[in-house]
Amino acid sequence: MTPVPPPAVELSADQARRIALRAQGFLGAPDRRAGVPGVLRHLGAVQLDTISVLARSHELIPYARLGPVSRRTVEDAYWSGGRTFEYWSHAACILPVEEWPHFAFRRRAYRSRPHWGHDLPDGSYDTVIKQLRDEGPLTATELGGAKNGGEWWDWSASKVAVERALMYGEVVCTERRGWKRVYDLAERAIPDALLHDDLSDAECRRRLVALAGTSLGVGTRGDIADYHRLKGEEFDAVVADSGLVPVVVEGWAKPAWADPEALAKEVRGRHRTTLLSPFDSLIWERARTERIFGFTHRLEAYVPKQKRIHGYFAMPLLAGGKLQGRVDPAREGTTLVARQASLAGPKAVAPMAEALVEAAAWVGCTDIRVDRVDAPELREPLRTEIGHALQRAYR
């Protein structure tokens, strides 16, 4: 007889939300001893982006979980000691170096199907590799110039060549210097024990599905596949052997899977109050954010200004394990400006004030100005609460 699979574990919507918060590092005391490297290992990927308002997104990710850790500490944790590499995961991401072997399937795919259809000038690829071998880590500018006023997004041939080498795995981005990638040969940057493409495509994808499930705690097929940008059919082929277990979540229309360790833990602890980068892995998938938090969020940086609803870089407010509003911040000297704030109601005033004061101190601002609040009746209460919070902070 064919064995009957055990019934799926049933979770309430609240249990699923709390499991997700704990898996992402927002519920329970943070492991400060593990620090920023621990946050990266826990999440499995930290997305990079060029936008910098309070700080760049990769700095905001550990800040949201650990509090006001020094920004120099964040950068050192990412770019020193050979602990990380940058590659295409959910997007361009910082990844733990031990996961290098598990992206072999993607490197192979890029080699078999170049990402750009343009032909490089003869010898340009080999020239870049030789220059890195002879001179050590270099930026695109040092390799001959990042731009040439021509095709390929205005990239020079050397920039296209080194980016192609990065996708193939022959070159690694070892750090960001003034936001420029610093490239080095993988044979120098990746430990010998990890520098291989021996794993099969299925082994790579199984590992990434397992990692995503652990980092999310609980998720649907789409949630888990999207974490490292796998296709749904790639998820389907490996999920049975990933270690994740099927669950049924109240109110979720689609099947879900969970990390068995997350199910076994008691989901209790202190909730973090903080502002979230729109590129934070807790909320980077819009459908999941709506399903878990009942909160619709969209990055409007690329939306024409006149069509924006919440602002250029609106940051959701996480408080009490829920998303209770958002604020579009800016900096003017030593003043943090809340250009536009939205609050779920009067109970969100104090958490928003707390989050703004902590963020201001972290980026070296000593004052906060509130320009606009969507609910006008909450503007003065917010300004008053910010004043009290600033007094407490600088007492």
(request) Decide whether Glu203 and Ser200 meet the rule of one side-chain donor and one side-chain acceptor closer than 3.5 Å. (result) yes
(request) Check the pair Arg369 / Asp371 against salt bridge (charged side-chain N to carboxylate O under 4.0 Å, His left out), numbers first and verdict last. (result) CA-CA 6 Å; Arg369 186 179 83 235; Asp371 283 353; 2.8 Å; yes
(request) Indicate whether the side chain of Glu75 and that of His58 have a donor and an acceptor atom separated by less than 3.5 Å. (result) yes
(request) Could you tell me which residues satisfy salt bridge (charged side-chain N to carboxylate O under 4.0 Å, His left out) with Arg65, sequence neighbours excluded, listed by chain and number? (result) Asp280
(message) Please tell me whether Glu175 and Tyr78 have a donor and an acceptor in their side chains that are separated by less than 3.5 angstrom.
(response) no
(request) For Trp79, check ring-ring contact (aromatic ring centres under 6.0 Å, His included) against everything at least two apart and list the hits. (result) none
(message) Tell me whether Arg392 is salt-bridged to Glu385, with the criterion being a basic N under 4.0 Å from an acidic carboxylate O.
(response) yes
(message) Other residues, nucleotides and ligands only: do more than 12 of their heavy atoms fall within 6.0 Å of CG on Asp192?
(response) no
(message) Is it true that, when you exclude Arg108 itself, more than 12 heavy atoms of the residues, nucleotides or ligands shown sit nearer than 6.0 Å to its CZ?
(response) yes
(message) Run the salt bridge (charged side-chain N to carboxylate O under 4.0 Å, His left out) test against Arg107 and tell me which residues pass, sequence neighbours left out.
(response) Asp197
(request) With sequence neighbours left out, write down each residue that passes ring-ring contact (aromatic ring centres under 6.0 Å, His included) with His42, or none if nothing qualifies. (result) none
(request) May I ask you to check whether Phe26 and His271 place their ring centers less than 6.0 Å from one another? (result) no
(message) For Arg176, give me all partners under salt bridge (charged side-chain N to carboxylate O under 4.0 Å, His left out), at least two apart in sequence or on another chain.
(response) Glu86
(message) Tell me every residue that passes ring-ring contact (aromatic ring centres under 6.0 Å, His included) with Tyr183, counting only those two or more places apart in sequence or in another chain.
(response) none
(request) Establish whether Val245 and Trp252 are linked, either directly or via other cluster members, by ILVMFWY side-chain heavy-atom contacts under 4.5 Å. (result) yes
(request) Identify which one of Val36, Ile61, Thr84, Leu95 satisfies the side chain to side chain contact (heavy atoms under 4.5 Å, CB included) criterion when paired with Val46. (result) Ile61
(message) Can you confirm whether or not the ring centre of His228 sits under 6.0 Å from the ring centre of Trp284?
(response) no
(message) Regarding Gln24 and Ser281, do their side chains bring together a donor and an acceptor under 3.5 Å, going by distance alone?
(response) yes
(message) For the residue pair Asp76 / Thr73, report whether a side-chain donor-acceptor contact shorter than 3.5 Å exists.
(response) no
(message) Can a side-chain donor-acceptor contact be found between Arg326 and His297 if the only test is distance below 3.5 angstrom?
(response) yes
